[in-house]
Every structure is written in C-alpha cells, then in structure tokens.
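First the structure, in the form of structure tokens, and then the observations on it.
In what follows, chains are A, B, ... by sequence order, proteins preceding strands, each numbered from 1. Just so you know, these numbers come straight off a predicted model, no measurement behind them.
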Amino acid sequence: EDAAEESTVSAELIASRRRLIDEWNAWRIKVKRELKEEKGKRPQQRHLQEKVE
Amino acid sequence: MVRFTSKRPILLQGHERSLTQVKYNAEGDLLFSCSKDDTVNAWYSHNGERLGTYGGHNGTVWTLDVDYQTKFLVTGSADNMMKLWDVETGQCLYTWEFLTAVKRVAFSEDGELIVCVTEQRAVAQGAIRVFKINRHDGRIQDPEPISLFHPIGTKATLASFGWDSKHIITGHESGKVAIFDAKTGEELRANEKAHHEPVTDLQLAPDRSYFVTSSKDKSARLHDSRTLAVLKTYTTETPLNSAAIAPLRPYVLLGGGQDAMSVTTTSLRQGKFETRFWHKVFEEEVGRVRGHFGPINTIAVHPDGRSYSSGGEDGFVRVHFFDVSYFKARPYGDLEAEE
C-alpha cells in the first residue's frame, strides 16, 4: 500500500517536472525565434555551439 | 543534493581586501577582478597566472566590465571616477569624474556604449548615465553622457543593457527592478516587489532574453528581460550577494553568506562558505561547492560553462573547474531544459 502511494507521489512529481520543462522549453523556443527575427537589427550573437560529449 | 567536486580549484592571490566583482571576457581566456583595495587585476583563467594590474584608482573599485573584443576595460570606484583602460597595455585611456562613487558599469553588447550608476549622497542625486564610446581612439572620449537620468523613489545600485542596447535594466535598493529607455531615461516597466530587500547582483543570460537577480532577502529570481515577469524564484537561507546563469547545464549559481560578525569561528576556519547550484527550471538546490572563508561577494561563470570563479569577502578569487560528474549528473533523468 505504502509503495503504491509512493509511486503515485513520484508519478505526480515526474508529471509536474515534465510540465515545468515543457513550459520552459516552449518559452525558450518562442524567445529564440523572436531573437532570430530581430537578427540583422542587432550584432551577431556569439552562440555557444560546443556541447559536452 | 550533490557536493560538486571541482578538479583543481585555483586560488588567485592578488587582492588584499574583499572582492567586489569578477568577470570573464567574451572568449573566456581572461578573468578580471576588482576589490576594496583599489586594484584591478587580469588573470589567465586556465592557470591563474596574472596578466597584469590596472593601477590608478584611489578607493574601493566597486565594478568593472570588459567589452566583447577584449579591447577596453571599464572600472568604477569609490574615488568617484570611472576609468577606461587598454586591456593589453594596462594604460588608463580616459577618466570621467563625478560627485559620488561609481557603483556599477557595463558595456553594451557591441561595446559602443557604457552605462554607469553613481551613488546617491547629499551632494548629488543617484544617477544613471550612458556614454558613447570612441572605439577608434580610446584616449579621446566625450566627457558628457548621451543620456543622464535619476531614478526616483529608490536608488539604483545595478544596471546593465537589457534585451538590446536601447534598454537598460536596473536593480534597486528597495528590491525593485526596472527597465529604462537608454536614450530618454523614461521608466518603461517596473517590478517594485521583485525583491523585498536590496538587489545585490544582476546578470543576463548569454542571449540577453532573461536575467537573474540576487538579493539580501535571501532569494534569487529569474526575470524576462522584456516584460520583467518573474519566471523562477530560488529561496535560500542566507543573504545573497551574487547570482550567475550557467551555460551548458540548467543551473544558476548563487553566492552569499552571513557576514563575519554573525558566523561562528568554526565555519570561518573551515572555509565553509559555499556556492549553491540551483536547478534553473525546477527551483531546487542540486549541489554546493565550498571553499571561501567569508561570504561570497561575486560569481562569474566561464562563457564555455566548464568553470566558474567566485570572489570572496576573504580577499580570494577561486577558480573552479567542473569535473565529469557535473556534466554527467542528470538528477532529473531525461528531462532536458532548452538553453
């Protein structure tokens, strides 16, 4: 029973984190699109292309 | 929570008093530091060797910034002066003098403008000035700003160019943050209750679309650069002096601490003052790095996201290099945040 409850809680937590990430990512994608649209009006950004392997 | 280990922290010993600001140049090969002991230093960030010292101020150097080309350095001091320096030669190119201390300076993204905050005192109102910089000959500068304005109500202590060079974001003693038109000085937006105690630091994300503030109210917040909407809040148990946004990983770095009077001698002796790492999106603390012997006054993250520096009340700058675990750690599984 306890284990069942625990897994519900963690499922809720996971769902809530998923929602937070989705909200954040949607906002970031929107902002990046708007920044791109403004390009030309402002100097080239130095973007960080490098990713850690 | 993880106690992040750093490979080999480098201790930079070139200041005799507490640090006020540290900052990397755009390439990240150099780290600049200023302090209450009147000196400004430049260091090679990978090994901590000193490139040089910029001498000339006669009072606490509160603030510095370096332009995107690493050509010019600007500093502001309690001696009421703002100085422009040649980064490479260390020569002071130009000095502006005011009636009160210079608390914050910052270049625009293109290095064409400098915003400067001067302190409010009986002799003068607090002011924000924007200077147009002659980038061809640094020795020939206009002594007059292209705009000058006085925020009313609560004094500004922090300023930076915002989303673009037309907007200035300010942080205030009351906890307010605001956006001003760089040309007209008109207050375009304000969040009077961003914090309820003084804002102590304000740093923008690399693309300038959002920024982080720290406050004596023990919290740090993430704000939208255009709307000032509060995106996230990080609530700690200690007054904060600095906050920085990490590239590569979804973290903000927070530093502060109770001043020496209110901490036990044990924690002083053991270097327990910690940089706190908070998950930017989930608003949860994920790790700490300890080391300083007094409150952390200033934090800067290397532009490549692989190291960071902190400047303390203890007079030291510590350069920390993240190890593999920092990059590999996925405390929240496969949930990845967009940068």
Trace of the side chain to side chain contact (heavy atoms under 4.5 Å, CB included) decision for Arg17(A) with Glu284(B):
CA-CA 11 Å; Arg17(A) 282 181 182 151; Glu284(B) 287 173 18; 3.3 Å; yes
Test Tyr332(B) against Ile21(A) for side chain to side chain contact (heavy atoms under 4.5 Å, CB included), laying out the working first.
CA-CA 11 Å; Tyr332(B) 302 101; Ile21(A) 281 288; over 6 Å; no
Is there a side chain to side chain contact (heavy atoms under 4.5 Å, CB included) between Arg226(B) and Val31(A)? Walk through the geometry before answering.
CA-CA 10 Å; Arg226(B) 288 177 295 180; Val31(A) 169; 3.9 Å; yes
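In terms of heavy-atom pairs under 4.5 Å with chain A, the best-connected choice from Lys280(B), Arg249(B), Glu283(B) is Lys280(B).
Within a 6.0 Å radius of NZ in Lys166(B), other residues, nucleotides and ligands contribute 12 heavy atoms or fewer. Atom CD of Glu336(B) has more than 12 heavy atoms from other residues, nucleotides or ligands within 6.0 Å.
Note that CG of Asn25(A) and CD of Glu339(B) are 11.5 Å apart. Values are rounded to the nearest 0.5 Å. Atom NZ in Lys36(A) sits 13.0 Å away from atom CG in Asp207(B) (nearest 0.5 Å).
Closest non-hydrogen pair, Arg18(A) versus Asp334(B), comes out as NH2-OD1, 4.1 Å. The shortest heavy-atom contact between Trp24(A) and Lys232(B) is CE3-CE, 4.4 Å.
When each of Lys32(A), Glu34(A), Arg28(A) is tested with Ser209(B) by the rule side chain to side chain contact (heavy atoms under 4.5 Å, CB included), just one qualifies, namely Arg28(A).
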